[in-house]
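Inspection log for the structure reproduced underneath, given as structure tokens.
Computed from heavy atoms alone, side chains included, the values below leave out hydrogens, waters and symmetry copies.
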Protein chains: 2
Amino acid sequence: MSALPSGKHDVFQAIADPTRREVLKLLVDQEMPVNVISGHFPISRTAVSKHLRILSEAGLVTERKVGRETRYKLETQPLQELRNWLHYYERYWENKMSALQRLVESDSKKEDE
Amino acid sequence: MSALPSGKHDVFQAIADPTRREVLKLLVDQEMPVNVISGHFPISRTAVSKHLRILSEAGLVTERKVGRETRYKLETQPLQELRNWLHYYERYWENKMSALQRLVESDSKKEDE
DNA sequence: TTGACATGAAACCGATAGGTGTCCTATACT
DNA sequence: AGTATAGGACACCTATCGGTTTCATGTCAA
């Protein structure tokens, strides 16, 4: 009941694919047309287009037509569901994570998947 | 480099399946043998067993043999990777989320997927 | 030691995922 | 008007997924 993502794909499935996670990362600071997005991947434009549709079904991106191009924009709102899900388990590591946690967190800064 | 989950399944894929998320939820407060776990699902024991292996490959559960049974236990540590991933996008909704966020958060309390 | 129970392993199956290439339409350029 | 560009729609292919059933093995109880 927390989300109403239209299609059959939810956030969990949407972010399961590495390519789609890359797409989201790309869209973080700019809206982008399909061609530009697909230019960042070794796969075909059609394939990227399908990924975009899945992301769209999950509510993670929205599209907007500008002339002959379709610009995709990141929507972070559905990530709330993920965050809530995670939050449920967080109480579990709160006690046993300390030194290790710092390590992982500092590690995430140079992470670029 | 942040995780070393042995197999080919990562955390993102592991939690993509609703059944597997249910399994994790089941294991939150107790270690459980396969039979008990599979008793909670309409699918076959073998199917549940396969889900458990995927979770195990992702590092989300560990197994321990006790007599003739194998007890599975939740491991929250790999969820850190997810948390870090999420954290990257959190700065994005911090400003635009306020009233809505409270709403979603209170919603998550009665959530039981 | 004989039989029941717990589980993993293996072979199989239909549906879906991720990818491709081709085609069609709408918009832009000149 | 005519051509090039952007992108969605469609048909198709292969690998993987989630599921099943059957079989094999190890352990507990009589």
Side-chain angles (χ1 to χ4, degrees), chain A residues 5-27 30-75 78 113, chain B residues 5-27 30-74 113:
Chain A
S6 70
K8 56 179 173 173
H9 289 105
D10 63 2
V11 190
F12 292 93
Q13 283 174 261
I15 66 161
D17 185 273
T19 303
R20 285 193 294 265
R21 289 200 298 277
E22 285 258 12
V23 170
L24 292 183
K25 202 173 233 175
L26 261 181
L27 296 179
Q30 314 140 36
E31 182 178 66
M32 276 188 196
V34 179
N35 246 341
V36 176
I37 298 174
S38 79
H40 287 78
F41 299 91
I43 62 182
S44 74
R45 176 187 54 78
T46 313
V48 173
S49 217
K50 282 209 248 176
H51 282 305
L52 284 167
R53 198 148 78 82
I54 290 172
L55 289 172
S56 168
E57 278 172 11
L60 283 165
V61 299
T62 48
E63 53 235 86
R64 154 183 163 241
K65 299 263 268 182
V66 175
R68 61 182 152 178
E69 58 187 24
T70 311
R71 305 224 183 118
Y72 284 84
K73 176 169 161 287
L74 177 68
E75 294 295 335
E113 114 191 55
Chain B
S6 69
K8 56 180 175 174
H9 288 105
D10 64 2
V11 191
F12 293 93
Q13 283 174 260
I15 67 163
D17 185 273
T19 303
R20 284 194 293 266
R21 290 200 298 277
E22 286 258 11
V23 170
L24 292 182
K25 201 173 232 176
L26 262 181
L27 296 179
Q30 313 141 35
E31 182 179 66
M32 275 188 195
V34 179
N35 245 344
V36 177
I37 298 174
S38 80
H40 287 79
F41 299 91
I43 63 181
S44 75
R45 177 191 51 80
T46 314
V48 173
S49 216
K50 284 210 248 175
H51 281 305
L52 283 168
R53 198 148 78 80
I54 289 171
L55 289 172
S56 167
E57 278 172 11
L60 283 164
V61 299
T62 47
E63 50 235 87
R64 153 182 163 242
K65 299 263 267 179
V66 176
R68 60 181 153 179
E69 58 187 27
T70 310
R71 305 222 182 119
Y72 285 84
K73 177 169 159 289
L74 178 67
E113 110 187 60

- Message: Would Glu57(A) and Arg53(A) count as a salt bridge (charged side-chain N to carboxylate O under 4.0 Å, His left out) here? Give the steps.
- Response: CA-CA 6 Å; Glu57(A) 278 172 11; Arg53(A) 198 148 78 82; 3.4 Å; yes
- Report the C-alpha distance between Val23(B) and Lys25(B) in whole Å, list the side-chain angles of each, state the deciding distance to 0.1 Å, and finish with yes or no for side-chain contact (heavy atoms from CB on, under 4.5 Å). CA-CA 5 Å; Val23(B) 170; Lys25(B) 201 173 232 176; over 6 Å; no
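Looking only at side-chain heavy atoms (C-beta outward), Met32(A) and Leu27(A) come within less than 4.5 Å of each other. Looking only at side-chain heavy atoms (C-beta outward), Asn35(B) and Arg45(B) come within less than 4.5 Å of each other. Contact of the Leu26(A) side chain with the His40(A) side chain is registered, since non-hydrogen atoms from C-beta on lie closer than 4.5 Å. Within the 4.5 Å cutoff, side-chain heavy atoms of His51(B) are placed close to those of Asp17(B).
Distance, Lys50(A) NZ to dT16(C) C1': 11 Å, rounded to whole Å. dA17(C) atom C1' lies 20 Å from atom CZ of Phe12(A), rounded to whole Å. Whole-Å rounding puts the His51(A) NE2 to dT20(C) P distance at 9 Å. Distance Leu52(A) CG to dG19(C) P: 12 Å, rounded to the nearest Å.
Side-chain contact of Glu63(A) with Thr70(A): a donor-acceptor pair under 3.5 Å is absent, judged by distance alone.
The CD1 atom of Ile37(B) lies 7.5 Å from the OH atom of Tyr72(B); values are rounded to the nearest 0.5 Å.
Considering all non-hydrogen atoms of both residues, Gln13(B) and Arg20(B) come closest at O-NH2, 3.2 Å. The two atoms that bring Ala14(A) and Leu60(A) nearest to each other are CB-CD1, 3.9 Å, heavy atoms only.
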Polar atom pairs (N or O), protein with nucleotides 24-30 of chain C, under 3.5 Å:
none

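Remark: Pro33(A), Val34(A), Asn35(A), Arg45(A), Thr46(A) in residues 33-47 of chain A come within less than 4.0 Å of DNA chain D through at least one heavy atom.
Under the 3.5 Å distance criterion, the side-chain polar atoms of Arg21(B) are matched with a main-chain donor or acceptor of Ile15(B).
Arg20(A) comes within contact range of the sugar-phosphate backbone alone, with a heavy-atom separation under 4.0 Å but no base atom that close.
Bounding nucleotides for the chain B contact on DNA chain D, 5' to 3', at a heavy-atom distance below 4.0 Å, are dC17(D) to dC28(D).
For dG8(C), one of the phosphate oxygens OP1 or OP2 lies less than 4.0 angstrom from a side-chain nitrogen or oxygen of Tyr72(B).
Residue whose closest nucleotide on DNA chain C sits further toward the 5' end, between Ile54(A) and Arg71(B): Arg71(B).
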